[in-house]
Each structure stands twice: as structure tokens, then as C-alpha cells.
Amino acid sequence: MKFDVQAIDKKWQDYWQEHKTYRTTNDTARPKYYVLDMFPYPSGSGLHVGHPLGYIGSDIVARHKRQAGYNVLHPMGFDAFGLPAEQYAIDTGVHPSESTARNTARYREQMERLGLSFDWDRSVNTSDPDYFKWTQWIIGRVYDHWYDCREDRARPIQELIDHLSAHGTAGLEAAESEALELSAEAFNALDAKGRSDLLMNYRLAFRSVSYVNWCEALGTVLANDEVKDGRSERGNHPVEQRPMLQWSLRITAYAERLLAGLAEVDYSEGLKAQQVNWIGKSIGALVHFDIEGHDEQLDIFTTRPDTIYGATFMVIAPEHELVDKLTTPAQRSEIDEYLTYVGRRSELDRVSENRVTGAFTGAYATHPLTGNRVPIYIAEYVLKDYGTGAIMAVPSDDDRDKRFAEKFGIEIIDVVDKTDYPGATLKDKVGRIINSDFMNGMEVPEAIEAATERIEAMGRGKRQVNYRIRDLVFSRQRYWGEPWPIIYDENDVPHLVPLDELPVTLPEMEDFRAVSGASPLERAKDWVATPRGRRETDTMPATAGSNWYYLRYMDPHNGDAFVGEEAVNYWRDVDLYVGGAEHAVSHILYSRLIHKFLFDIGKVPTREPYKKLLNQGMIGGPISYIHLGILLTDDGQRHPVWVSSDVAEGTPLTVEGIGSGYLVVDESTGTRLTPLRFVTETSVNNESSFRLYLTAVEEAQRLDHQDAAYFRTILQQASAFAWQTDREGRQYLELSVEQGKMSKRKYNAVNPDDICNRYGADCFRMYEMFLGPIDQAKPWSVSGIDGVYRFLRRYWNLFVGEGDRLSVTEEAPTRAEMKVLHTLIRKVTEDIDKLSFNTCVSAFMVATNELTKMNCRKRGILEPTVRLIAPFAPHLAEELFAALGNMDSVHHATWPEWREEYLVEDSITYPIAFNGKTRLTLDLPAEASREEIEAAVRADAQVQGHLTGKAVRKVIVVPKRMVNFVVG
RNA sequence: GCCCGGAUGGCGGAAUUGGUAGACGCGCUGGACUUAAAAUCCAGUUCUCAGUACUGAGAGUACGGGUUCGAUUCCCGUUCCGGGUACCA
């Protein structure tokens, strides 16, 4: 048997496929364990070495749990619908179904090359009609429900209709777009269209006009999480706010439960904090202000009702519905001018320059407590979407209000004395209330309570909770997504497409580009027109398919339900969910929402989908640059040359074929991106350095892949290289380097296939784990991978001796050998549990070093280590396990258990410290008592040497730990 | 600005109810084997100072304080780095 990692990888990958080694059945006799990787979108560039970090970690857990006797569900599938897939298709001119199929196949190949133990028979793909049939069905269920705030759950829309026709809105506490009051008679008098419109106010999936993020370049609306700094996350295009008719999901109804549910899941604190911030709960009060000369009231939301005596003006959002009505003739032109200005400003302008702007409407509100006249302004800094879109401005205790007041010359009344709290900021909610009538002298928390009570008692408002989270816009004017399963009748009333007619598939289209706000599906006239009316032409966002996929894996081929009842009651939820932190907010939050909805309608037995979440760290890639300079030769000629990054301007240079002169730098010089595959990482004088060797340049001339082609065009920019020579006489240039994300554009993506082909999948797997804690970001570097390869080789050599023959003996193990084995069992078992994979690899190295030193070749020791290493190095383990005479796969073998009796120490090495400084160590019997230890230590000659001439004030003895003498 | 992480040799990192700081690996230095190289194996490798090999002394986990017999670990303050988020009333 040869240590030929390529052959071993191939042999066992074929074997696993053929024997379906990782097939999972819904065998309810065994305890279940569900370990899931986040759904990848199969991009055209394939996997790079950053992706597998999480896959390997979860695979180790899956394999370990399998060996530990669990029925393990460890599936993989693809998030194939959505903007990226469609944008990629448009860029490459290939139909998304084709490119998706190709990319999916590539991903699967790469994953199989890594030896990941997925049950591919359970794979799903969101763009598969058998899958999105159920996506459409789920959204249909959401559409068919409303949220009863009193029972705190979703209920069928028919029950709402029954209530409305019997009592109207009386006694109704529902999650709603706007508060409505309606009698039963009025409801019953509505026609079909009127009734449908009214119900939209309550449905959990509803259609309404709202301000949405419109992205002109992508031709679609985007959800809040798809927008970063006023630009689209995908493609970095500008985004503006526009009122549009859109489908949305009423996630706000679930805000409180999404918040509360965080208490019962095991996510990192940071991730929980992000979810909490995104939901953005704030507790405060709703206050009504009368407006002079108008019947309407101005409603504002504040978290600081205690500062109401400091409210010297009001500000409403420019888009607020009362703006037009409140504007006085004298102020009309000023307001119109301001509205034009605001309309011109993009979201990006608003975010980037933080100027104080606004205009006076001419109207005044009446302060509910003082009766004072309070001017009403409009200003950009008040957002239409948050609270009521209006505020009472308290310039003494709010930065923005203060800047506004200063600019417009408005009175500032100090209402909170913070002298007792030096350093406190406005947000700390501390201080003593002044200038505030009945609240004077109160501390802030007390005053908030008192103010709220007073306002409620006066009928001027009420306590209120507000959330930052907005309802989730769920329409896209794009082709590549699930069509909304809706048909509008001749009265424009939407009707759900019934289950037996699902899925609503996409029409075949040649040109599926989105044009100016109209969905491409509108152009598919035959598809839109049905006997019952016209189809909805909006599609769903990518999250529609990915927010419930973990349930489909439980029962992927079920044609009668999205998941069978028995299957979901067995698998229940995901025990360990592994993926990148970039999906922390949106994906996790939205699938928690759908899960809670499915719980409400009795389709899932658990309240949360993911019990424990592990966010793997990003692996960055070095981005290297070659330096271009000008060689000014003695004859005054200028020659562009490639130089080392450490060559300064003015350095004398001699370049072969050109002559000598010195280096100059001008606007044509600088740095050029160098593909990572041509860069060699070395270490010189303990400093790491990145070099371009002559051999790599020659290689770039030969190879025909993209990186080489790019690099050739770059290298044409100069005619020569100012080579340096290393110790071995090879020619190179020093490059400059920075760390960045791995991406195709930066030519720094490293393909795991390349590493596997060189070192084998097992070495790659263990090396990625050895890099450090899995949740920490780290730069990719190949330095060190040789060390892991050497370790695997040494481990192999424990089993295989001279002439590549198995050299394992049947001798009985010694106590020392058993101690090595059981120490390893304990360490690996415990550390897998802690998801501390890097220390597992170290433990294997330590054990291998020790067994090599002992020259241990005994089956009784070595065979259990094969079962331990199987999750990490599945191929080598399989090869060795078979060589030891086992017929079944090592991955079905049991996990070894450690026994304490082999771990106990006979003697313990005690550090002996004097005033806390360790001076020597002494070996003492493990079972020695405190007194025996002290006596033995005091008797030691060396210890006495340290104690001579000093008074021992105290002796601290911690059995099995240490001894410390306090001397004076 | 706010929230969340983090800072340990030349490098990746290890060390948890507070008890020998630097496991393991890389790199580097020296040696063995070899015609040579590669591979492999052995030894050394936190820094400073002192000495004769065995060694000894001092400093040391971003920085400044504190608690403690004892602090990488707990507390207070500061700096820097990474991530998220931002006119959210």
C-alpha cells in the first residue's frame, strides 16, 4: 500500500458514491442530528478556498455524530433563483437555467473532491419546479392569513372575514398597515374589490403602495438589506425612494416574537445584537398635538416624553401627508422649493452629507401641556417611514434638533440637568428634570413614567412600542424568480392559484431583461392571459426559496406536502447551522419569520429553525502588485521596466539588453495587479515576502487560462525586468502585497481543487482546520500546509513500514501507550463538541509524535485512532481501516470512548513559586495531601536554598496544581 | 457616532472554575544521511543581560492602573485593528 493521496482520494470517493455511504433515511429509532451548511448560490467562478472552511467544519461534526450513533441529516443544495444568477446570465448571454445547471454541477464536483459527506439524493434547487411549487404554496398560506395580536399568532383570513362581517373592526386587534374603523354593515356593503382592498390591510402577504428602494440600473425594487449606503449591494448601483405598488410580507407582526426567540437559540452575541438592532425596538409614547386652524392632529412618537416641556418646534417628514394641507400661502413657495430640493437628492446624498436643511410650513401646533404655539417645519432628517413621520423637536436634548434650532433661530429650553452625570451623552437617559412644571426634580426614568401617565390621563396620547424593522418588500420586477401564484379577475381582485395548479412556472423567454420598472413577464402575453384573468407578473426575491429550504431536506421528494408531518416531527430543527456572517441578518431573520408562521399554522413543531449557529471566518487572499518603473539610461532614453517593490526612485540600475542608468517614476509608472497563482510566498530573514520568479513569467506565457491571459497583457507594458537573484541563483522581483477578499476580479482566488490535487483532500481539510479558530477571519497562506502533509505521512508510517507493507502488530499495549490513546480520544471528542477543530489537529500531531517516539505499531492503539481521525481525514482513514481488515466503512464504525483509568497520573510536576515567581519544579505523588506536599517541598534542598535568610509568611498549596511561598 | 469582536514569539496560533505563558505547526539556525539536491531524521529557537558545558538573573501576553499569595484569564481607564450599523426621534 502506497501513500498516494490522489489514488486514495479517488478510490474512496468512488466507493462512497457507489455504496451511497452517506445516504440518510428517516429512521426514527435513532436520535437525530441535523447539521446544515448555508445554502450556496452557485456562482460562475466556482468555490475558492474560503468557502470550504465552514463545509469542512460541519462535515467533521456530521461524521463524528454519525459515528457516535446519531441519524445524521447533512444535506446540500443550491439557492439558484435570484438577482445574482440572473445578472450573471445577462452578462454572459446564457439563459439562467443553463448557467445555473452548469454552475451547480461544478459546485457539486468541487464539493465531492473535498470528501464532504453530503447525501446528494436529498439535494434541492430553488429553481426546480418541484421545489418552488412549495415556495409558492407557502407564500399562498401567508397570503391567506392575518395576525391576531391578542392571541399572538397567525389566523386564517376567513376568521377575520367572519369577525368583520359580524362586528366590523370592533374588538379587533390585528397587525395592520393602517388603523381602520369600520362597522359590520359597512364591511358587508363592500363590493368584491372593496373587500379585497380592505383585507390587504391585514393579510400577512399583502399588496400596497409604499416607499420602496428602486434601483433603476437593475430595473427592480430591493429590500432594505439589499441596499448598502444608498447603493445596491449587487452591482453597486444608485437606489432611490419611490412610491410603488408592491407585494410585501408583514414581518412587523412578528417583530416581538423574533426578538424574544433570540433567548432560546445559541447564536453568537454579535449576531444576536445585529438582529436586535435590525428589529430596532424602542419604547416611548405616541402624543397628539392640535394644529391651529385645522381639524387634524399631528401625531408624533417620542422615546423621551419627559422632555416634552423642551419641545419648541415640530418637524414632519417632507413626504408626510399633511405637508400640503399645513403649508400657508405665504410659505408655499419656500416649501415647494424645499420639496424640489429633497426630490433631487438621492439616498446617497442624504447619507453622505449630513447637512441641516428644512423649511417652515407656516402652521403652528399647540403644546398639549403648556398651550404654547409651536411652529411646524419640514426637514429631511425626519423619515417618513419611522414612527409617525413626525417628531416633537427638543433642541436641548437632541443633537439634530439642536443644530436645526440653531440654524433657524428657534428657542432652546433646557429641561434636563445632567451636572450630576459628567460625561453622560444625550442617549444615556439620565439627569434631573428642570423647567418642566410637575416633573421638576425628577430623575429621567421617573419623569418618563410621569409624563406618559399625564399624557394618557389627558387623552393626548398613549404608551407605544415602535420597531425600526419595515415590512419586507417581496416583489421583484425580474424574470428569474418564483412567479407570485396570483391571478387577477376582471375586477382586479387577486385570487390565489390553488395547490393543484401549482407550480406556476416561468414562461420561456428569449429576452428576459427588465426594462424601466415593468416586469419582463408582462411581455409574455400568452402566459399572462388565463381564462380566469391575468397573472401577476412580479416574481419573488431570492429569499423566498431560501427561507424554508432546511425543511425540504427532511423530505425532499414529497409530492403531497412541502414536508411530511412525520419527517418534520422527527427532524424538527437544525441542530447546527454553519455559514458566513454576511447572511446574519437577512437570511436568518427571514427564515425565522417563515418558521414562526409555519409554527402558527401547525406545520412545524418548533418555534425556532436553527438551534445553534456557527459563523465561519472569512479567508482573505493576498493581493499582490508588480511595480513598473522607467529606466533612464545614460543616453537619455526612457525604458519601461519591471522592478522590485523595494527599489527606490533614483537607484542606479543595469538591465540586461537595455543598459545602465537609474530608475525614475512618473505618471505612467506604478503598480499592476499580479495573479496570485504566479506569486511565490517565501520567508527571508524571518520576514515574509512575495516574489515573482522568472519561471512564473515563463509559465504565464505558456498557460491558456484567464489569469495567464490577463497577466500577459500586463507584462507587455514594459520591455524588461530588473531581476534580482536569490541564494539559489534564481531570478525574481519583489512584489508589494495587501490583504483583501478573495475574488475573481482581484485574481487572488485560490481554487481548492488545485490544493487537493497537490496534497490530497485530507491534507487540505486538516490544513484549513489547523489555520486557527473556525470563526476567526484569517488570510490564506500555503506556508504550513507542508507541515500538515508531513504529519499525515508520519501518521501513515505508524501503520505502514518497509516495502509499503502493513506493519501493525497484535501485541498488548502498554500503559503509557494507552495513556496517549485515551488522552487523544478525550481531547478530540471534547474539542469537536466545542467546534475547536484546530486544537484537534494539534492533538493528532502530538499523539503521532509520541507514538512514533515509542515506536508503537500495535493494533489496539492504532485502530481506534483511525476511527478518531476519520471525520478529519476521511480518505486516509478509510484506506487504513480497510487495510486493518475491516469490511465496512470507517464512517459507520463507532466512536471510541475514553476511560479515566488510563488518564490518571501517578505523579504530578508541581511548579514551586516564591512570591509568585516559579523557580523550580518538583515531582510529587498525585495523591499527596496538602500537608504531605508542603512537607516534601520544604524538605527539598533547592527549596531550602531559596528560603535561607527569608521569613516564610505564608505557604499556598493547591493539590495537583502548584505551591507558592510568600516570603518577606 | 453607536453596537459587537479582537490585540500573546519572525508568522498562524495554544493555554478557563485565576495556578509552570508560548502546546502544535510554519519559518529560521546547526547537525546527520547524500556525489549533490530534494525528501527524511535529530537538536536549538520569546527578548535582554551574565557566565564554564550542565546554567543563572531580569523583563515579557497592545498600553496605564487595580483586586489577589498568584492575572493572558477578573475589574477600571486608554490606544489601535476588524466587522456591523447609522439623521430611527
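These values consider heavy atoms only, across backbone and side chains, with no hydrogens, waters or symmetry-generated copies. Since the structure is predicted, the reported quantities are computational estimates derived from the model, not experimental observations. Residue numbers start from 1 in every chain, and the chains themselves are labelled A, B, ... in the order their sequence lines are given, proteins ahead of strands.
- Residues in residues 823-838 of chain A take part in these salt bridge (charged side-chain N to carboxylate O under 4.0 Å, His left out) pairs, two or more places apart or across chains: A:Arg826-A:Glu900, A:Lys827-A:Asp831, A:Asp831-A:Lys834.
- Annotation: proximity of residues 783-793 of chain A to RNA chain B (heavy atom, distance under 4.0 Å) is found for A:Ser783, A:Gly784, A:Gly787, A:Arg790, numbered in ascending order.
- The aromatic ring centres of A:Tyr338 and A:Tyr341 sit less than 6.0 Å apart.
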Any N/O pairs under 3.5 Å between the protein and nucleotides 65-70 of chain B? List them or say none.
{"from": "B:C69", "atom 1": "O2'", "to": "A:Asn964", "atom 2": "ND2", "distance (Å)": "3.2"}
{"from": "B:C69", "atom 1": "O2", "to": "A:Asn964", "atom 2": "ND2", "distance (Å)": "2.6"}

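- Exactly one of A:Leu835, A:Asp775, A:Ile56, A:Val578 qualifies for a side chain to side chain contact (heavy atoms under 4.5 Å, CB included) with A:Gln616. That residue is A:Val578.
- For the OP1/OP2 pair of B:G25 and a distance below 4.0 Å, the side-chain nitrogens and oxygens of A:Asn838 include no atom meeting the criterion.
- To the nearest angstrom, P of B:G83 lies 20 Å from CD of A:Gln275.
- For the pair A:Arg400 and A:Tyr381, the cation-pi criterion (under 6.0 Å, within 45° of the ring axis) is not fulfilled.
- Between A:Phe313 and A:Val374 the shortest heavy-atom distance is CA-CG1, 3.1 Å.
- Of the N and O atoms on the side chains of A:Tyr732 and A:Thr680, not one donor lies less than 3.5 Å from an acceptor on the other residue.
- Base contact: A:Arg468 has a heavy atom under 4.0 Å from a base atom.
- Residue A:Asn849 contributes atom CG, which lies 7 Å from atom P of B:C24 at whole-angstrom precision.
- Taking atom CZ of residue A:Arg758 and atom C1' of nucleotide B:A39, one finds them 14 Å apart after rounding to whole Å.
- Taking side-chain N and O atoms only, A:Arg403 has no distance below 4.0 Å to OP1 or OP2 of B:C87.
- In this structure, A:Arg919 does not reach the B:U55 phosphate: none of its side-chain N or O atoms is under 4.0 Å from OP1 or OP2.
- With sequence neighbours left out, A:Arg468 forms a salt bridge (charged side-chain N to carboxylate O under 4.0 Å, His left out) with no residue at all.
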> What would the secondary structure line of RNA chain B be in dot-bracket form, counting Watson-Crick and G-U wobble pairs under 3.5 Å, with [ ] for pairs that cross earlier ones and | for pairs with another strand?
Replying inline: (((((((..(((......[....)))((((((.......))))))(((((....)))))..(((((..]....))))))))))))....
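- When ring centroids are compared, A:Tyr377 and A:Phe408 come within the 6.0 Å threshold.
- Using a 4.0 Å heavy-atom criterion, one finds that A:Pro779 contacts no nucleic acid atom at all.
- Side-chain N/O atoms of A:Arg794 include one lying less than 4.0 angstrom from OP1 or OP2 on B:C41.
- For the C1' atom pair drawn from B:U35 and B:C42, the interatomic distance equals 23 Å after rounding to whole Å.
- The stretch residues 266-286 of chain A participates, sequence neighbours left out, in these salt bridge (charged side-chain N to carboxylate O under 4.0 Å, His left out) pairs: A:Glu256-A:Lys281, A:Asp266-A:Lys612.
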